[in-house]
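Accompanying notes for the structure given below.
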Amino acid sequence: MFEIENTLSFNSDRLVDGAEYDYITRTSLNQGILQTTGFVNEENINPAGTWSLGLLQMDFFYRNKPWYAGQFVRKIVPKITIPENAILFFQTLLNLQKPILLQVLVRYVDETFRNTKIHLPQMQDGNIDFDFMESFIRELEEERIRELSAYLTVSGLSDATLTEREKLALQNFDTLEWQEFRMGDLFDRVSTAKLPYKAADLPKEATAEKPLPCLTSSFMNQGLNYYAPKENATVLKHVISIPSNSDVYRAYYQSHDFTVLSDAYAIRWNLNDREISAQEYLFMVACINQVTDLPIYSYKNKLGGWNVVQDKYIMLPVRDGAPDYAAMQDFISAVQKLVIKDVVKYAEDKINATKKVVKNKDEYKTNEDKSFLSVAESADYKEIPR
């Protein structure tokens, strides 16, 4: 069903201004896109309608525009015609093979990929049931859009209109006065109870017995990829998490309950015993992640934890010698609205499109009383060699 091919790579120093092409690397961040570029050369272009496979985390990403590749990136080319609305279905199936590919050396990835088998829904005549895939994906999209719409309403983000203060925060950002602050003067490390669990023994999804997200040094999902019982755990919220042993250094603001498992820790604002808002924490996270020498301590050099970080300095906007909390608050609030504006429009467009489909006699829903979600488990699947 697919072919796996090498890509002709080049370093990022050859990129040029432009947005016609994506430059894809082996990272999992931003769907593998390091940056966009204009035309570099003809022979290195990979076509749209393929998947990239980064040989670091073995993540598959569908490429909807032509792209160039860095090192250690494979190209996955479909041998069949896949309808547009079934692409996400196949992307999920491809990424389900990630655990298998991570177990083999890079030189065996191609052979392992070609010999791996996937299960697909089939029609009574034995052909692949693309109609089911498309309808299933549409049903999921409808469900997510409804949830998104409800979230935007409850959170007050459905109105993305900037206030006068927020407009001024954007206009005056370049004129802000900045000052260095020692991390240890701004934050305290939060003490947490040591948990008697290993990450490999914990579930990757919440369960009734293990509902509490656990922090590790991973940069995926803000470091929260395992779940543990709440009993005997230190439950944290409204703090910043920092890895102490990671190949990717990222600080994150944690707005929901979690606990620390390993190779990471949490810090809380402590200057003048002042409580700060979520927006102010988000601003400071961005400032922490701008400290250029922190990543050199991670992974191979072992970050050394708070003993090292507390003596690092970050830049913050100031007014009268103190952190300018109002500037941070208004700036992040404005940025959130600017970012969410496109999301609000996307949700509205999707909702309106769905209403039109329903009005036109349920173009893709043939039975109002039967959800494709409910029949997924009963679908007839056939194993087809990749």
Side-chain angles (χ1 to χ4, degrees), residues 26-30 54-59 95-96 98-104 183-184 186-270 278 281-282 284-312 314:
R26 55 185 170 175
T27 178
S28 298
L29 297 174
N30 194 30
L55 300 182
L56 177 63
Q57 297 292 335
M58 297 297 174
D59 287 315
N95 277 303
L96 285 174
K98 176 176 176 174
I100 299 173
L101 298 177
L102 286 172
Q103 294 177 15
V104 302
M183 289 273 286
L186 302 176
F187 302 94
D188 283 337
R189 176 173 175 169
V190 183
S191 297
T192 58
K194 183 175 177 60
L195 298 178
Y197 313 113
K198 292 183 179 179
D201 299 328
L202 294 174
K204 293 186 177 182
E205 294 183 0
T207 65
E209 297 78 19
K210 297 175 181 178
L212 187 62
C214 293
L215 178 69
T216 65
S217 61
S218 171
F219 63 90
M220 302 295 292
N221 196 33
Q222 298 195 176
L224 304 174
N225 297 291
Y226 303 95
Y227 293 84
K230 283 190 174 182
E231 291 76 18
N232 302 318
T234 305
V235 180
L236 301 176
K237 182 181 179 180
H238 196 50
V239 295
I240 292 175
S241 65
I242 297 181
S244 56
N245 178 22
S246 176
D247 56 344
V248 177
Y249 187 89
R250 289 287 187 280
Y252 295 109
Y253 168 62
Q254 304 292 356
S255 59
H256 299 285
D257 288 351
F258 77 101
T259 192
V260 176
L261 181 62
S262 62
D263 295 324
Y265 58 96
I267 59 175
R268 179 181 287 125
W269 183 261
N270 192 41
Y281 260 131
L282 286 170
M284 292 172 191
V285 161
C287 294
I288 292 171
N289 287 331
Q290 289 297 313
V291 180
T292 56
D293 66 338
L294 281 178
I296 69 173
Y297 294 99
S298 61
Y299 195 49
K300 292 182 179 180
N301 294 316
K302 304 297 181 184
L303 182 56
W306 184 238
N307 290 335
V308 171
V309 176
Q310 66 178 344
D311 289 325
K312 299 299 178 180
I314 63 173

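For this chain, numbers begin at 1 and follow the sequence in order.
S255 contributes atom OG, which lies 7.5 Å from atom NZ of K237 (distance to the nearest 0.5 angstrom). D59 contributes atom CG, which lies 5.5 Å from atom CE of M220 (distance to the nearest 0.5 angstrom). To the nearest 0.5 Å, atoms CD (Q57) and CG (N95) are separated by 11.5 Å. Between the OH atom in Y227 and the NZ atom in K204 there is a gap of 12.0 Å [rounded to 0.5 Å]. Separating the OG atom in S28 from the CE atom in M58 is a distance of 10.5 Å, to the nearest 0.5 Å.
Annotation: side chain of I242 is in contact with side chain of Y265 (closest heavy-atom distance under 4.5 Å). Side-chain contact check for M183 versus I288: some heavy-atom pair is nearer than 4.5 Å.
By the neighbour-count criterion of 12 heavy atoms within 6.0 Å, atom NZ of K98 is densely surrounded, having more than that number from other residues, nucleotides or ligands. Within a 6.0 Å radius of CG in D257, more than 12 heavy atoms belonging to other residues, nucleotides or ligands are found.
Looking at residues two or more places apart in sequence or on another chain, you find a side-chain contact (heavy atoms from CB on, under 4.5 Å) between N270 and D188, D273. Under the rule for a side chain to side chain donor-acceptor pair (under 3.5 Å), the partners of Q310 that lie at least two apart in sequence or sit in another chain are W306.
Smallest separation of non-hydrogen atoms from A264 and S217: CB-N, 4.3 Å. Of all heavy-atom pairs spanning A193 and T234, the tightest one is N-OG1, 2.9 Å. Among all heavy-atom pairs drawn from T259 and A233, the shortest one is OG1-CB, 3.9 Å.
The side-chain contact (heavy atoms from CB on, under 4.5 Å) test with Q254 singles out one residue from L236, V285, L215, and that residue is L215.
Note that R250 lies outside the cation-pi zone of F219, set by a 6.0 Å cut-off to the ring centre and a 45° limit from the axis.
Taking the six-membered ring where tryptophan is involved, the planes of F187 and Y281 are essentially parallel, since the angle between them stays under 30° and well short of 60°.
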Applying side chain to side chain contact (heavy atoms under 4.5 Å, CB included) to F258 and Q222, what does each step give before you reach the verdict? CA-CA 11 Å; F258 77 101; Q222 298 195 176; over 6 Å; no
Please determine whether side chain to side chain contact (heavy atoms under 4.5 Å, CB included) holds for the pair L261 and L202, giving the CA-CA distance in whole Å, both sets of side-chain angles, and the decisive distance to 0.1 Å. CA-CA 11 Å; L261 181 62; L202 294 174; 3.9 Å; yes
Hey, mind stepping through T216 and D263 against side chain to side chain contact (heavy atoms under 4.5 Å, CB included) and telling me if it holds? CA-CA 6 Å; T216 65; D263 295 324; 5.7 Å; no
Apply side chain to side chain contact (heavy atoms under 4.5 Å, CB included) to residues L186 and I314 and explain how you reach the verdict. CA-CA 10 Å; L186 302 176; I314 63 173; 3.8 Å; yes
